[in-house]
Amino acid sequence: MTEPISVVVTGAAGQIAYSLLYQIAAGTVFGPQQSINLRLLDIPPMMKVLDGVVMELEDLALPLLREVLPTAEPAKAFENVAAAFLVGAMPRKEGMERKDLLAANVEIFKVQGEALDKYARKDVRVLVVGNPANTNALICSHYAPSIPKENFTAMTRLDQNRAQAALAARLNVQVDKVKNVIIWGNHSSTQYPDAAHATVELSSGVKTVPSEINDNEWLINTFVETIQKRGAAVIAARKMSSAMSAAKAAGDHMRDWWFGTKPGEWVSMGVVSDGSYGIPKDIVFSFPVTIKDKRYEIVQNLPINNVAKSKLDITSKELEEERAEANNVLKK
Ligand code: NAI
């Protein structure tokens with residue numbers, strides 16, 4: 001077994017963390033050989049709840065889990081962390097748009113960026129889950145100038161998993177037979193779930209998803225809208241936002257970042273745009289990436305048709321607007 005690494009989860013008393021902590025402590029994310037020191041950050045009124053979470057973590061009796069530190073102090077939470085799951089934020093409630101959340105969350109991610117800059121390892125891998133995740137990741141990285149920008153990512157893996165599951169259901173195959181569906185852009189209703197490059201493994205061989213589904217109207221309209229609105233549909237049914245599936249997606253995202261993607265496969269992550277596919281630089285945009293040695297590369301040269309191009313424009317505009325609004329909040 002290797003030396004423990006420190007991993008911070010913010011919003012640790014919340015509902016996503018409740019599912020995520022088990023995955024981290026059980027070895028699903030960083031592997032069965034990697035022992036973990038967990039740092040749990042939440043706000044002062046939640047410390048009693050957090051004590052209960054700590055008790056449950058103890059009661060899991062998991063050998064990989066070493067120290068567990070519940071705290072409301074970013075300086076302690078971020079000390080020497082190798083990986084950070086920034087989940088803590090105000091969750092979206094029914095009828096609330098992501099933009100309403102922006103102002104409430106900008107300040108949190110500024111403070112946490114500064115704490116990462118001061119206390120975390122310089123090679124820390126940061127995954128922002130708390131919404132608006134893309135813009136929060138951008139702000140966080142801005143306030144942590146000593147950590148490479150590439151180390152800040154936003155989660156669109158839940159959208160990818162939803163898209164993969166929806167295609168598998170439509171094709172009537174097991175979910176892991178569908179590969180390389182892409183989520184472009186913002187983790188919001190403007191995201192573009194794109195099945196154009198996805199494949200499906202059938203008994204007759206590997207086929208492209210569009211040719212197997214053979215229903216352009218469904219792919220361009222029904223599929224895209226279903227995925228774009230899936231988060232809202234879960235809220236309408238549960239009266240709370242997705243938690244179990246969000247936690248699983250956060251684990252998937254970090255595990256693939258840590259261990260790499262499989263040959264021929266890519267995953268979607270919100271990363272700082274380098275201008276690929278004509279997307280403006282300096283917004284956190286979800287691209288398909290391949291990962292090796294804990295470094296991702298944006299998949300290049302995928303053909304983008306006019307429909308896709310217009311969808312990419314919509315979602316990148318929204319991200320530019322969010323960036324402008326965030327800057328306004330920070331100036332006040
Ligand atoms: P929750 O309300 O159950 O938990 C949030 C926790 O964050 C609370 O315990 C709260 O006290 C804590 N918190 C608030 N401010 C904090 C701060 N400054 N520092 C540390 N902790 C703080 O919410 P839930 O369901 O766990 O969701 C968390 C976030 O994840 C929300 O913003 C939600 O919109 C987002 N989300 C993102 C998804 C994605 O795909 N990117 C999917 C689902 C949810």
Side-chain angles (χ1 to χ4, degrees), residues 8-21 39-54 69-78 84-94 96-116 126-137 139-140 143 152-163 183 185-189 191 193 227-235 238-254 267-270 284 286 322:
V8 62
V9 177
T10 74
Q15 48 154 5
I16 293 178
Y18 194 73
S19 292
L20 175 60
L21 291 170
R39 308 203 190 274
L40 311 179
L41 181 70
D42 213 295
I43 51 176
M46 297 305 283
M47 287 301 110
K48 187 125 181 52
V49 176
L50 207 47
D51 284 344
V53 175
V54 173
L69 176 78
T71 180
E73 291 175 48
K76 286 189 182 155
F78 288 98
F85 294 84
L86 305 188
V87 181
M90 188 199 282
R92 187 167 57 129
K93 297 267 160 57
E94 198 173 355
M96 202 175 179
E97 269 303 309
R98 277 201 162 65
K99 280 182 183 169
D100 305 331
L101 281 183
L102 203 131
N105 284 307
V106 162
E107 197 57 39
I108 295 177
F109 286 86
K110 176 183 174 203
V111 169
Q112 293 184 357
E114 287 168 347
L116 279 160
V126 182
L127 165 58
V128 177
V129 175
N131 279 316
N134 298 52
T135 299
N136 287 340
I139 293 160
C140 205
Y143 285 95
F152 291 82
T153 60
M155 187 167 95
T156 52
R157 184 59 171 264
L158 176 55
D159 308 292
Q160 179 192 313
N161 288 349
R162 287 167 173 164
I183 304 298
N186 201 1
H187 169 68
S188 77
S189 54
Q191 66 176 257
I227 305 309
Q228 287 176 333
K229 293 182 181 160
R230 184 71 161 184
V234 171
I235 292 176
R238 236 170 68 83
K239 309 291 173 220
M240 285 195 285
S241 61
S242 316
M244 178 169 51
S245 55
K248 155 70 166 53
D252 288 348
H253 176 124
M254 190 61 88
V267 292
S268 294
M269 285 175 27
V284 170
S286 180
E322 281 188 15

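Source: prediction; values computed, not measured. Positions are given from 1, in the same order as the sequence printed here. We count ligands from 1, going down the list as the structure has it; atoms in each ligand are counted the same way.
- Polar contact check, A246 against ligand 1: no nitrogen or oxygen pair lies under 3.5 Å apart.
- The distance criterion of under 3.5 Å between nitrogen or oxygen atoms is not met by S242 with respect to ligand 1.
- Heavy atoms from both the backbone and the side chain of A89 come within less than 4.0 Å of ligand 1.
- Listed here is the closest heavy atom pair of A13 and M46: CB-CE, 3.8 Å.
- By heavy-atom distance, the residue among D42, V234, N136 lying nearest atom 13 (N) of ligand 1 is D42.
- Between V126 and the choices T153, L116, V8, the side-chain contact (heavy atoms from CB on, under 4.5 Å) rule is met once, by L116.
- Of the heavy atoms in I108, only side-chain atoms (C-beta onward) come closer than 4.0 Å to ligand 1.
- No donor-acceptor pair closer than 3.5 Å links the side chain of R230 to the backbone N or O of A233.
- The contact set between ligand 1 and V87, taken as ligand atoms under 4.0 Å from a residue heavy atom, comprises 28 (C), 29 (C), 30 (O).
- Heavy-atom minimum distance, A115 versus F78: CB-CD1, 3.6 Å.
- The shortest heavy-atom distance from S241 to ligand 1 is under 4.0 Å.
- Taking 4.0 Å as the cut-off between side-chain N and carboxylate O, D51 and K48 do not count as a salt-bridged pair.
- At a heavy-atom distance under 4.0 Å, only side-chain atoms of M46, from C-beta outward, approach ligand 1.
- Checking side-chain atoms of N105 against main-chain N and O of P132 turns up no donor-acceptor pair under 3.5 Å.
- Considering every non-hydrogen atom in both R162 and S242, the closest pair reads NH2-OG, 2.8 Å.
- Each of the atoms 9 (O) of ligand 1 lies under 4.0 Å from some heavy atom of A13.
- Look at R157 and you'll find every heavy atom at least 4.0 Å from all atoms of ligand 1.
- Between the side chains of Q160 and D252, no donor N or O sits under 3.5 Å from an acceptor N or O.
- The heavy atom nearest to atom 38 (C) of ligand 1, considering only Q160, R162, H187, M240, is found in H187.
- Here the shortest heavy-atom distance to atom 26 (O) of ligand 1, taken over L86, L127, T10, I16, belongs to I16.
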